[in-house]
Engineer: 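First the structure, which I've put down as structure tokens, then a few questions once you've had a look.
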Amino acid sequence: MTVPTKPTSSAQADALGALGADLHAPVIDWFEENARDLPWRRAEAGSWGVMVSEFMLQQTPVNRVLPVYEQWLARWPRPADLAAEAPGEAVRAWGRLGYPRRALRLHGAAVAITERHGGDVPAEHAQLLALPGIGEYTAAAVASFAYGQRHAVLDTNVRRVFARAASGVQYPPNATTAAERKLARALLPDDERTASLWAAASMELGALICTAKNESCVRCPIASRCAWRLAGKPAHEGPPRRGQTYAGTDRQVRGRLLAVLREAVAPVPQSVLDRVWEEPVQRARALDGLVADGLAEPLAGGLYRLPLA
DNA sequence: TAGCCGTGGAG
DNA sequence: TCTCCAAGGCT
């Protein structure tokens, strides 16, 4: 007598399991034929290379990450190498990738790895999650891509693929829902090897084929099973997905201020920073924000620089 | 949890 | 020109 291993007897869960089984092979086969040759996918990248790439790829396109990634790994081939530097050097090397707090967090993660993990990127999901700048997605991605573990890796690409293929809608919800996590787990292959391939493959499918706009169903390996396509590709319903305005925001001002600090070799006088933005209240708020975030360091005499510690 | 946090390319 | 979007995390 075999005892059921599934915690639920839900027919829906069984149906999803069956759907997953139908999708795995075509998506993984497609991936092995069409995957981009990205440096962090090569064996030589190692777990540190994978982790660095994941930080840089948070909200930043692959093409822009590539050159910075190469320089970063050449300069800091191990976590301890980065940990030995001032955090401001990480911010400087980050260049114009955007969201420079990621650079600070990556530096902080390198310090923590050096202090708590003997200089090796931890393999356990919980330990990864405890590092600064690593959330649910990145922890799963590093554990899966660097260590071949079985995790539901839910990024914006995968969420879109699942929304379409399984749920039959054009776009996933704004924020990741419990239902999405459940779906991702239900679709996850049982064995580690296949699961980690599936994670990378489903993500690549979303990045290259099942894109947000101008999706290419004719090249999609699971078009014949896609619920959204079979339903006639109905347009997104509900509230418009909020767009981010940028011009005139504090973010723009912060960006300008930090650009000056990044390019300066010596501490910068307040008067120089003042030139980047006309409106004084917003300008001051932005600068204060950078200091509060640890991205800028105020010195005596109204001077500012990237953080030394 | 909704809002904040950069930047630049594509259509 | 303008809108949308790109391997999220944090509070």
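Since the model is a prediction, treat every value here as computed from it, not as a measurement. Letters A, B, ... mirror the listed sequences (proteins, then strands); counts begin at 1.
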Engineer: When the nearest nucleotide of DNA chain B is assigned to Leu295(A) and to Asn63(A) on a heavy-atom basis, which residue is associated with the more 5' position?
Structural biologist: Leu295(A)
Engineer: Looking across every strand, which nucleic acid part, if any, lies under 4.0 Å from Gly135(A) by heavy atom: base, sugar-phosphate, or nothing?
Structural biologist: sugar-phosphate
Engineer: Can you identify which nucleotide, out of dA6(C), dG8(C), dG11(B), has its nearest atom closest to the Asn214(A) side chain?
Structural biologist: dG11(B)
Engineer: Using whole Å, report how far OH of Tyr99(A) lies from P of dT11(C).
Structural biologist: 16 Å
Engineer: For Glu136(A), report the nucleic acid contact type (base, sugar-phosphate, nothing); a contact means any heavy atom under 4.0 Å.
Structural biologist: sugar-phosphate
Engineer: Need one value for Trp40(A): base, sugar-phosphate or nothing, where a base atom within 4.0 Å counts as base even if backbone is also close, heavy atoms only.
Structural biologist: base
Engineer: Distance check needed: dG6(B) P versus Gln58(A) CD, whole Å only.
Structural biologist: 13 Å
Engineer: How close or far is atom P of dG9(C) from atom CG of Leu57(A), stated in whole angstroms?
Structural biologist: 12 Å
Engineer: Rounded to the nearest angstrom, tell me the gap between atom CD in Glu215(A) and atom C1' in dA6(C).
Structural biologist: 17 Å
Engineer: What contact category does Arg262(A) fall into here, base, sugar-phosphate, or nothing, at under 4.0 angstrom with non-hydrogen atoms?
Structural biologist: sugar-phosphate
Engineer: Is it the case that Gln170(A) and Trp228(A) place a side-chain donor and acceptor less than 3.5 Å from each other?
Structural biologist: no
Engineer: Determine whether any donor atom in the side chain of Arg64(A) lies under 3.5 Å from an acceptor atom in the base of dT7(B), or the reverse, and answer yes or no.
Structural biologist: yes
Engineer: What nucleotide among dC5(B), dG9(C), dC4(C) has an atom nearest to a side-chain atom of Arg251(A)?
Structural biologist: dC5(B)
Engineer: Take the protein atom CD of Gln282(A) and the nucleotide atom P of dC4(B), then report the distance between them rounded to whole Å.
Structural biologist: 12 Å
Engineer: Of the options dG6(B), dA7(C), dC5(C), whose atoms approach the side-chain atoms of Pro100(A) most closely?
Structural biologist: dG6(B)
Engineer: Would you check if the side chain of Arg102(A) reaches a backbone N or O of Phe55(A) as a donor-acceptor pair within less than 3.5 Å?
Structural biologist: yes
Engineer: Between dG11(B), dA7(C), dG9(C), which nucleotide has the shortest distance from any of its atoms to the side chain of Arg36(A)?
Structural biologist: dA7(C)
Engineer: From the options dC4(C), dA7(C), dC4(B), select the nucleotide whose nearest atom is closest to the side chain of Glu54(A).
Structural biologist: dA7(C)
Engineer: Is Thr138(A) side chain donor-acceptor paired with the dG9(C) base, going by distance under 3.5 Å alone?
Structural biologist: no
Engineer: Which of these nucleotides, dG6(B), dA7(C), dC5(C), is closest to any side-chain atom of Tyr246(A)?
Structural biologist: dG6(B)
Engineer: Side-chain donor-acceptor pair under 3.5 Å between Gln282(A) and Asp250(A), yes or no?
Structural biologist: yes
Engineer: Answer with base, sugar-phosphate or nothing: what part of the nucleic acid does Arg96(A) contact at a heavy-atom distance below 4.0 Å?
Structural biologist: sugar-phosphate
Engineer: Please report the distance, rounded to the nearest Å, between CZ in Arg159(A) and P in dG9(C).
Structural biologist: 12 Å
Engineer: Does a nitrogen or oxygen in the side chain of Arg285(A) sit under 4.0 Å from OP1 or OP2 of dC4(B)?
Structural biologist: no
Engineer: State plainly whether the residues Glu278(A) and Arg283(A) are in salt-bridge range, i.e. N to O under 4.0 Å.
Structural biologist: no
Engineer: Categorize Leu258(A) for me: base, sugar-phosphate, or nothing, with a 4.0 angstrom heavy-atom threshold over every strand shown.
Structural biologist: nothing
Engineer: Judged by each residue's nearest nucleotide on DNA chain C, which is more toward the 5′ side, Leu129(A) or Thr60(A)?
Structural biologist: Thr60(A)
Engineer: Could you verify whether a donor N or O on one side chain and an acceptor N or O on the other, from Thr194(A) and Asp191(A), lie under 3.5 Å apart?
Structural biologist: yes
Engineer: Between atom CG in Asn174(A) and atom P in dG3(B), what is the gap in whole Å?
Structural biologist: 10 Å
Engineer: Does OP1 or OP2 of dG8(C) have a side-chain N or O of Gln59(A) closer than 4.0 Å?
Structural biologist: yes
Engineer: Can you tell me if Thr156(A) and Arg159(A) form a side-chain donor-acceptor pair at under 3.5 Å?
Structural biologist: no
Engineer: Are Arg254(A) and dG6(B) close enough that a side-chain N or O sits under 4.0 Å from OP1 or OP2?
Structural biologist: yes
Engineer: Rounded to the Å, how far apart are Leu131(A) CG and dG8(C) P?
Structural biologist: 18 Å
Engineer: Give me the distance, rounded to whole Å, that separates dG9(C) from dG8(B) when you measure between the P atoms they each carry.
Structural biologist: 23 Å
Engineer: In terms of ring plane angle, is the pair Trp94(A) and Trp72(A) parallel, tilted or perpendicular, where the classes change at 30° and 60°?
Structural biologist: perpendicular
Engineer: Please classify the nucleic acid contact of Leu38(A) as base, sugar-phosphate, or nothing, using heavy-atom distances under 4.0 Å.
Structural biologist: base
Engineer: With rounding to whole Å, what would you report as the distance between dC5(B) and dA7(C) at their P atoms?
Structural biologist: 22 Å
